[in-house]
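Here is the structure we will look at.
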4 protein chains.
Amino acid sequence: MWFKIDYHSPTPVYEQIKERIKENILSNNLKEGDFLPSIRGLAQDIKVNLNTVSRAYRELEFEGYITAQKGVGYIINKTNSDIIEDEILEDFKKIINRVFRSNISKNKVIKIIDEVYDGGE
Amino acid sequence: MWFKIDYHSPTPVYEQIKERIKENILSNNLKEGDFLPSIRGLAQDIKVNLNTVSRAYRELEFEGYITAQKGVGYIINKTNSDIIEDEILEDFKKIINRVFRSNISKNKVIKIIDEVYDGGE
Amino acid sequence: MWFKIDYHSPTPVYEQIKERIKENILSNNLKEGDFLPSIRGLAQDIKVNLNTVSRAYRELEFEGYITAQKGVGYIINKTNSDIIEDEILEDFKKIINRVFRSNISKNKVIKIIDEVYDGGE
Amino acid sequence: MWFKIDYHSPTPVYEQIKERIKENILSNNLKEGDFLPSIRGLAQDIKVNLNTVSRAYRELEFEGYITAQKGVGYIINKTNSDIIEDEILEDFKKIINRVFRSNISKNKVIKIIDEVYDGGE
DNA sequence: GTGGTCTAGACCACA
DNA sequence: GTGGTCTAGACCACA
């Protein structure tokens, strides 16, 4: 697993890591029982500090998404997808409201969605 | 002018203020020559410190959207709307990609957009 | 008398007015017994608020350069030019030091001075 | 790095900090890749508030002279010296004109420059 | 340890 | 009344 981090984003890096992992759980890319990459490994991969990954995992554990197994690693729990989905859609609603308030046409919005969902077709 | 600030958002308050004002410019709610609310007035309205509003205005001035007139107030400049629109759509694209990566169905997305754009209809 | 004011300068407008008047005294353009333009007139000329000119005159009076004559106007006093000259040269020294610290060559500096003093020659 | 701040100058302290740093870049005292002193460190050194230094650094970053690295510090960018030089000489021209308008002799001006550039020789 | 944001409050410049 | 600057101090994010 790896993914891109935006180091200049106002969203803290550990938040971005949590988001990516949740997305992978939601898309069933990470399933119950799967191992998360090791803290060290991921930190190296995405070039962030150990503490940053550590914090992301710790919080995911606290929120119930994963479980630490000492000396082994972090394992994906059985999770209620709806909660994650709600979280993401919550963020989506915020920005779609910003777009709406700005008087940007619905057409432009739909076009972008089509591009993302239906690719270059 | 008024708007809501989310004090618990990771987006800094001064950024949120900038966003709201840009939305108002884009939606033509704020037009060339209009006055922005006074720094202290807005600060009181949205219950933040004067310095926070001041920073937002100062940066908007630096970016060319408004002009300070000492002892008078801040005035909206003639601005190129396309730049603001691009900024907002950029943020929109980021999150729609997150939604897509999470395997959330296009239908759900469209439904939300319909709600926002077509209201309670 | 008239002169240009830089409204965007960090130097307050009333300070700029004081500076210009002192320059005119120093260059003997304003002599003992001469009248200063009326507060209203100057304010209109250089497009600033009455209070701003008023403050400049008040401070010049306090510093001994001019005297208010009720119902008549402000009159230039006999003044010790050396004090004004020192003031201006003080400012000059500050900036020449900045230029020096920046490693800008003496030649460039001299060239600018020649241009100002010897005009287009 | 250290330098003196004039707390009674009409030039805001954050502006003075920016000026000093630009001078150091121009004189090659601060080179690409060098670290600026930490915000808190410099604030303590020159006895101003952290926010004042922070604003100076933030603006320098906005203007492209330095780059913030969270948790690390501010780093000098590769910069176009000509722009800084022009800025400083612009200020120089303003005051040399004031000197000229005041009828202060060219000789006096040259003498000051010699002192600054050629030291006690 | 380093940067980033925010508050409460003070004082100044200008209209 | 409106903008501009600064301080002391607090709390957060990241290495």
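Just so it is clear: chains get the letters A, B, ... in the order the sequence lines come, proteins before strands, and each one is counted from 1. Basis for what follows: all heavy atoms, side chains included, without hydrogens, waters or symmetry-related copies.
Across all strands shown, E/dC14 forms a Watson-Crick or G-U wobble pair, both distances under 3.5 Å, with F/dG1.
Residues in residues 30-58 of chain D take part in these salt bridge (charged side-chain N to carboxylate O under 4.0 Å, His left out) pairs, two or more places apart or across chains: D/Arg55-D/Glu59.
Using a 4.5 Å heavy-atom cutoff, the side chains of D/Ile21 and D/Tyr57 are in contact. Using a 4.5 Å heavy-atom threshold, the side chains of C/Tyr74 and C/Leu60 count as separate.
Residue contacts for C/Val48: at a heavy-atom cut-off of 4.0 Å it reaches no nucleic acid atom on any strand shown. As judged by a 4.0 angstrom heavy-atom cut-off over every strand, D/Arg40 is placed among the base-contacting residues.
Looking at which nucleotide of DNA chain E each of B/Asn49 and C/Lys47 is closest to, the 5′-most match is held by B/Asn49. Residue-to-nucleotide proximity on DNA chain F shows that, of B/Tyr74 and D/Leu50, the 5′-proximal contact is made by B/Tyr74. Between D/Tyr14 and A/Tyr14, the residue anchored nearer the 5' end of DNA chain F, judged by the nucleotide with its closest heavy atom, is D/Tyr14.
Where DNA chain E meets chain C (any atom under 4.0 Å from a heavy atom), the bounding nucleotides read 5' to 3' are E/dA13 to E/dA15.
For the atom pair NZ of D/Lys93 and CG of D/Leu89, the computed distance is 6.5 Å after rounding to the nearest 0.5 Å. Here OG1 of D/Thr79 is found 9.5 Å from CG of D/Leu30. Values are rounded to the nearest 0.5 Å.
Taking the six-membered ring where tryptophan is involved, the planes of D/Phe92 and C/Phe92 are tilted, since the angle between them lies from 30° to 60°.
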